[in-house]
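Heads up: the structure comes next, in structure tokens.
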Amino acid sequence: APRVRHFHPRPHACMQHPHVSTMSSTRSHTFRVLFVTLVLAFLAGAHAMTDMDTHEEESTWACTATCGESAAYLATHPCGADEYVTMEENAGANYSTCVLTLTSIQGKADYALATHAVPCPSDVCVAKCNATGAATGFQCYNTSVTMDATQDAANNRGLAMGCPGSHGMNNTMFMAGRAHGDCEAGHVHYAHEETTASAAGAAVARAAALVGSIALGLVLA
């Protein structure tokens, strides 16, 4: 009688064990979730960095830097590279460059300075000012004081503190700020944004570290 051969199909080389297929699918899904999480963290960080804290900053020192010739201040900001003050919300004017203060300060009799200058951020003022004087090219003002003997000095103090102009007092002194109470002692009335930027950077760094750790664990599993 003819011999009957029984055919037993062999598993295809490309066929995977169900457990392996499930693990691969899980890893793929997890990586996609982690990627989306990281992207959202970066977007949130970018949004936070553009959210400016518009409150005035407490600072011991306020200062201005002499603008000098236009060729010089157009080439380099007198306060330092990229050292611009940031105006408070609804400030109504911008004093961040010498070009702007030439018209918005020097071009107005009630605000004008004897020497064309531009205000500097608080961190620059802290570095350039001390109890014994100011670095060359800078005019420093202790923010605990708001009055001066001359209108020019009060105007410069007002610009440095973020409340340009001045007004006369009954005792022949001049107080910084166009209106009484504009310049609060101990404060610089320019927006302060370092805190939100640092927080945003820290949030992104933490998210990146978390995603990296989970991804590495999955790779090594």
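Side-chain atoms are counted along with the backbone in the values below, which use heavy atoms only and exclude waters and symmetry mates.
Rounding to the nearest 0.5 Å gives a distance of 8.0 Å between SG of Cys120 and CD of Glu83. For the atom pair CD (Glu184) and OG1 (Thr146), the distance works out to 10.5 Å, reported to the nearest 0.5 Å. To the nearest 0.5 Å, atoms CE (Met169) and CE (Met175) are separated by 4.0 Å. Taking NZ from Lys128 and OG1 from Thr64, the interatomic distance works out to 13.5 Å, rounded to the nearest 0.5 Å.
The minimum heavy-atom distance between Cys163 and Asp182, with the atom names listed, is CB-O, 3.8 Å. Contact detail for Thr101 and Ala117: the closest heavy-atom pair is OG1-O, 3.1 Å. Nearest approach of Cys129 to Cys63, heavy atoms of both residues: SG-CB, 3.9 Å. A pairwise comparison of heavy atoms in Phe174 and Ala154 identifies CB-CB, 3.7 Å as the closest pair. Taking both residues in full, the closest heavy atoms of Cys125 and Ala62 are given as SG-C, 3.6 Å, listed atom of the first, atom of the second, then distance. The two residues Pro78 and Phe138 make their nearest non-hydrogen contact at O-CZ, 3.7 Å.
Proximity of a side-chain donor or acceptor of Arg157 to a complementary backbone N or O of Ser166 within less than 3.5 Å is not detected. Using a distance-only test at 3.5 Å, with no hydrogens or angles considered, no donor-acceptor pair links the side chain of Thr66 to the main chain of Gly68. One N or O on the side chain of Gln106 and one on the backbone of Leu113 form a donor-acceptor pair closer than 3.5 Å.
At a cut-off of 3.5 Å, with distance as the only test, no side-chain donor of Thr150 or Asp152 sits close to an acceptor on the other residue.
Side chains of Thr143 and Glu58 form no contact here, defined as non-hydrogen atoms less than 4.5 Å apart. The shortest distance between side-chain heavy atoms of Tyr95 and Leu159 falls below 4.5 Å. Within the 4.5 Å cutoff, no side-chain heavy atoms of Asn155 are placed close to those of Pro164. Residues Met161 and His187 form no side-chain contact, since every pair of their non-hydrogen atoms from C-beta on lies 4.5 Å or further apart. In this structure the side chain of Thr60 reaches within 4.5 angstrom of the side chain of Asn142, judged on heavy atoms.
Listed by first then second residue, pairs satisfying ring pair (Phe, Tyr, Trp, His ring centres under 6.0 Å) with a partner in residues 102-135 read Tyr73-His116, not counting sequence neighbours.
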Stepwise side-chain contact (heavy atoms from CB on, under 4.5 Å) check, Cys98 with Leu102: CA-CA 6 Å; Cys98 290; Leu102 185 62; over 6 Å; no

Verdict with supporting geometry, Val118 and Cys79, side-chain contact (heavy atoms from CB on, under 4.5 Å): CA-CA 8 Å; Val118 65; Cys79 296; 4.1 Å; yes

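Partner of His167 under the side chain to side chain donor-acceptor pair (under 3.5 Å) criterion, out of Arg178, Gln151, His180: His180 alone.
Taking the centre of each ring, Tyr84 and His77 come in below the 6.0 Å mark.
Linking ILVMFWY residues whenever their side-chain heavy atoms come closer than 4.5 Å, directly or via other members, places Tyr190 and Ile105 in the same cluster. Both Val188 and Val85 belong to a single network of hydrophobic side chains, linked directly or stepwise wherever heavy atoms of I, L, V, M, F, W or Y lie under 4.5 Å apart. In the hydrophobic clustering of this structure, Val124 does not group with Met87; members are Ile, Leu, Val, Met, Phe, Trp, Tyr whose side-chain heavy atoms approach within less than 4.5 Å, directly or through other members.
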